[in-house]
There are 2 protein chains.
Amino acid sequence: MANDYSANVPIYLQIINEIKLKIASGEWKTGQRILPVRELAMQFTVNPNTMQRALAELEREGLIYTERTTGKFVTSDDILVSNVRDMLAREYMQSFFSSMQKLGYNMGQTMKIIEDYVTKYKEGK
Amino acid sequence: MANDYSANVPIYLQIINEIKLKIASGEWKTGQRILPVRELAMQFTVNPNTMQRALAELEREGLIYTERTTGKFVTSDDILVSNVRDMLAREYMQSFFSSMQKLGYNMGQTMKIIEDYVTKYKEGK
DNA sequence: ATTATTGTATTAAGTGATTAATACAATAAT
DNA sequence: ATTATTGTATTAATCACTTAATACAATAAT
């Protein structure tokens, strides 16, 4: 479940991305309470301070909020979540095409590779 | 030219990727001599030690080699370079589809988004 | 022969990320 | 009322990355 962190990016940033994906994908639903910091830290096998840092940043971005001693919750702003999902998807795509371009693939060549990949996928490989 | 490093990944790793792309794309040709460590360090605006570390790793991977006091060169192994290029392209693609899947897009939905993106690109946006 | 250029190694200092060990305030649960 | 649970803050120690300042050996250039 946890602990496949790249040694090369600060853990708290990797956690931010991971949780952002959970919220954007709907795996963590809007308005839903999330586990206490200490338990999340255990689940992710990191120090509570590190988890706290990640959650504080996500709160700064508006994706979660805190009720003083009750706990933390996913935002109830469905539009925000939807926007984040769209933005992430666009980022991933642009980053992908940009990398392929640096490798020397133009857009047509990149499309060709994608189509081959998808074809093989559909054949169950 | 340089100095747009993400604060979140060690610089020497970013340099490794950058140079690997240059070699894989053919921007740095096989067999070609590369600039001295000190000059590359200046071009990339990093410390010579940091550049040396990146180059040492690239040498370990076989992408460059050193002639004692003459300098460093891109490998002459065209097949290796071609393989690296193919591997990188595959990695980028798989990573992209994996991220999209985590966002809740299945392969068909991802293809739809790609096609829209490419269409807009062709219209010159 | 001498000089300049090449890669390489060493030592020291500064910075940020991470863990660890606590502690505290507010409130929900008993 | 008391206790447990919640988020949060603090201090210290460790580790990797990065820069800086040198120094050295081998060889190409002069």
Side-chain angles (χ1 to χ4, degrees), chain A residues 1-20 22-23 28-29 31-76, chain B residues 1-20 22-23 28-29 31-76:
Chain A
M1 164 168 296
N3 229 0
D4 59 338
Y5 296 115
S6 155
N8 309 321
V9 180
I11 297 174
Y12 80 97
L13 289 175
Q14 300 183 52
I15 292 175
I16 287 173
N17 281 331
E18 206 167 326
I19 293 182
K20 200 179 282 185
K22 288 181 189 300
I23 295 174
W28 286 11
K29 299 193 195 337
Q32 192 177 55
R33 181 171 174 223
I34 68 183
L35 291 176
V37 178
R38 291 170 177 81
E39 286 192 39
L40 276 180
M42 284 181 57
Q43 270 201 9
F44 284 72
T45 57
V46 295
N47 189 276
N49 296 327
T50 305
M51 180 56 67
Q52 165 65 16
R53 182 167 182 182
L55 296 176
E57 173 61 20
L58 286 165
E59 179 155 12
R60 210 187 56 76
E61 296 181 29
L63 283 173
I64 66 179
Y65 66 94
T66 302
E67 285 188 0
R68 288 193 112 312
T69 59
T70 309
K72 291 172 175 291
F73 299 80
V74 178
T75 180
S76 296
Chain B
M1 165 166 300
N3 231 357
D4 60 337
Y5 296 115
S6 155
N8 309 320
V9 179
I11 296 175
Y12 80 97
L13 289 175
Q14 300 183 52
I15 292 176
I16 288 173
N17 282 331
E18 208 167 323
I19 293 182
K20 201 179 282 185
K22 288 181 190 299
I23 294 175
W28 287 11
K29 300 197 195 334
Q32 192 176 55
R33 181 171 173 221
I34 67 182
L35 291 176
V37 178
R38 291 170 177 82
E39 286 192 39
L40 276 179
M42 284 182 57
Q43 271 202 8
F44 284 71
T45 57
V46 295
N47 189 277
N49 297 327
T50 305
M51 179 56 68
Q52 166 64 16
R53 182 166 182 182
L55 296 176
E57 173 61 20
L58 286 165
E59 180 155 11
R60 210 188 56 74
E61 297 181 30
L63 284 173
I64 66 180
Y65 68 94
T66 302
E67 283 189 3
R68 288 193 113 306
T69 58
T70 310
K72 291 172 175 293
F73 299 80
V74 178
T75 179
S76 296

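Quick note: numbers below take in every heavy atom, side chains included, and nothing from hydrogens, waters or symmetry partners.
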Proximity to the side chain of A/Thr69 - top-ranked nucleotide from D/dT19, C/dG7, D/dT6: D/dT6
Taking B/Gln52 for the side chain and B/Val37 for the main chain, is one N or O donor matched with an acceptor at less than 3.5 Å? no
Does D/dA12 have a Watson-Crick or wobble mate here (both distances under 3.5 Å), and if so which one? C/dT19
D/dT8 base / A/Arg53 side chain donor-acceptor hit below 3.5 Å: no
Please tell me which of the listed nucleotides, D/dT18, C/dA26, C/dA20, lies nearest to the side chain of B/Pro10? D/dT18
Side-chain heavy atoms of A/Leu58 within contact of A/Ile15, under 4.5 Å: no
Options C/dA26, C/dA23, D/dT18, nucleotide nearest the side-chain atoms of A/Arg38: C/dA23
Quick one: is D/dT18 close enough that its OP1 or OP2 comes under 4.0 Å of any side-chain N or O from B/Tyr12? no
C/dT6 P sits how many Å from B/Glu39 CD, rounded? 6 Å
How close or far is atom P of C/dA28 from atom CZ of A/Arg68, stated in whole angstroms? 11 Å
Taking only side-chain nitrogens and oxygens of A/Lys72, does any of them come within less than 4.0 Å of OP1 or OP2 of D/dT8? yes
Nucleotide nearest A/Gln52 when distance is taken to its side chain, options D/dT19, C/dG7, D/dT8: D/dT8
Check against side-chain contact (heavy atoms from CB on, under 4.5 Å), A/Ile23 and A/Ile64: CA-CA 9 Å; A/Ile23 295 174; A/Ile64 66 179; 3.9 Å; yes
DNA chain D: 5'-proximal contact among A/Asn49 and A/Thr70 (nearest heavy atom): A/Thr70
Could you please name the partner base of C/dA28, counting Watson-Crick and G-U wobble pairs only when both distances are under 3.5 Å? D/dT3
Nearest whole Å is fine: how far is D/dG7 P from A/Glu59 CD? 11 Å
In terms of side-chain heavy atoms of A/Val37, which of D/dT19, D/dG7, C/dT19 is nearest? D/dG7
Of the listed C/dT19, D/dT19, D/dT27, the closest approach to the A/Thr50 side chain comes from C/dT19
